[in-house]
Amino acid sequence: RETAHVLSALYGACSFPFVIMPADGGSALGISTAQDAKALRRAMVDAFAYGQRLMVEQRIDGRDVAVSVVDLWDGPVALPPVEVSTDGGRYDYDARYNPGRSEFFVPARLDQARDDAVREAAVKVHETLGLGALSRSDFIVDAEGTPWFIDVNVVPGMTETSLLPLAAEVDGNFTQLCQQLVLAAYNNYQGEGQDAQ
């Protein structure tokens, strides 16, 4: 009965196709696209294997763009947007962790106005949610250049195929950023220790 309730609410607010994903977790596990009601039910069951809460969004066609935000001392700053293009068209688990499946453009292939818009959107997400030293917001930038927010990762990956290190390296120096993050964490820890005494 609850499923029918959810489905009727979705039909009234959006139209197919839908993207279904677990609200928790990461690495694109449990994400699928549904073109009709039957596929939507199956996709919801599959996604529940990865968590108890789901996000269902209308699918937007466009470019996959990720913007990392660093917030150390002077407020949140957006790093260069990273555009992801995959050989199969989907930035799924396999495309994320198998080198060669995805091509990355840093900065993203956007004109200045669209680049500014997606950076501003990422900073707005970071501030609105009250996030800490790091975040990475994922967007779809449609044909008109509108950035559609998908989700935010508060523990961005740091592997050789992760997006934040790519952006940090283009912006300046990834190693230096890591040092700054450790120093900021240490200073926060020291401050909390003093407050507790």
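Residue numbers run from 1 in the order of the sequence given. All values below come from the heavy atoms of this structure, side chains included, with hydrogens, waters and symmetry mates left out.
Listed by chain and residue number, nothing satisfies the side chain to side chain donor-acceptor pair (under 3.5 Å) test with E103 (two or more places apart in sequence, or in another chain). For the side chain to side chain contact (heavy atoms under 4.5 Å, CB included) test, residues two or more places apart in sequence or in another chain that qualify with E144 are D142, T146. Residues passing the side chain to side chain contact (heavy atoms under 4.5 Å, CB included) test with D61 are R59, sequence neighbours excluded. Listed by chain and number, the residues in a side chain to side chain contact (heavy atoms under 4.5 Å, CB included) with A185 amount to none (sequence neighbours excluded). D111 meets the side chain to side chain contact (heavy atoms under 4.5 Å, CB included) test with A113, R114; sequence neighbours excluded. For R42, there are no salt bridge (Lys or Arg N to Asp or Glu O under 4.0 Å) partners, not counting sequence neighbours. Qualifying side chain to side chain donor-acceptor pair (under 3.5 Å) partners for D46, counting only residues two or more places apart in sequence or in other chains: none. Partners of F105 according to the ring-ring contact (aromatic ring centres under 6.0 Å, His included) rule, which considers only residues two or more places apart in sequence or in another chain, do not exist here.
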Would you list the atom pairs, donor with acceptor, under 3.5 Å between side chains in residues 168-181 and any protein atom, with sequence neighbours excluded?
| residue | atom | partner | partner atom | Å |
| --- | --- | --- | --- | --- |
| E169 | OE1 | F174 | N | 3.4 |
| N173 | OD1 | T175 | N | 2.9 |
| N173 | OD1 | Q176 | N | 2.9 |

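Residues Y50 and F48 place their aromatic rings such that the two centres sit no closer than 6.0 Å.
In this structure, the separation between CG on N153 and CG on D138 is 7.0 Å, given to the nearest 0.5 Å. The distance from atom CD1 of I150 to atom CE of M21, rounded to the nearest 0.5 Å, is 6.0 Å. Distance CH2/W148 to CD1/I140: 11.5 Å, rounded to 0.5 Å. A distance of 9.5 Å separates CE in M44 from CZ in R41, rounded to the nearest 0.5 Å. To the nearest 0.5 Å, atoms OG (S162) and CZ (R136) are separated by 7.5 Å.
Closest approach of A108 and E83 over heavy atoms only: CB-CB, 3.6 Å. Contact record, R119 with P81: NE-CD, 3.6 Å, taken as the closest heavy-atom pair. Among all heavy-atom pairs drawn from A167 and L79, the shortest one is CB-CB, 3.9 Å. Between G132 and H126, the closest heavy-atom pair is O-NE2, 2.9 Å. L164 approaches M158 most closely through the heavy-atom pair CD2-CE, 3.9 Å. The shortest heavy-atom contact between P156 and S135 is CG-C, 4.0 Å.
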**Report entry** V19/V56 under side chain to side chain contact (heavy atoms under 4.5 Å, CB included): CA gap, chis, key distance, verdict
**Finding:** CA-CA 6 Å; V19 175; V56 181; over 6 Å; no

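No path of Ile, Leu, Val, Met, Phe, Trp and Tyr side chains, each step under 4.5 Å between heavy atoms, connects L72 with V69, placing them in separate hydrophobic clusters.
Other residues sharing the hydrophobic cluster of V182, ordered by chain and number and joined by side-chain separations under 4.5 Å: none, the residue standing alone. As a member of the Ile/Leu/Val/Met/Phe/Trp/Tyr network built from side-chain separations under 4.5 Å, V45 groups with nothing else and remains a singleton. Chaining together hydrophobic side chains whose heavy atoms lie under 4.5 Å apart places V67 alongside V65, L110, V118, V125, L129, L131, F139, V141, F149, V152, V154, V155.
Surrounding CG of D36 are more than 12 heavy atoms belonging to other residues, nucleotides or ligands, all under 6.0 Å away.
Side-chain contact check for F104 versus L163: some heavy-atom pair is nearer than 4.5 Å.
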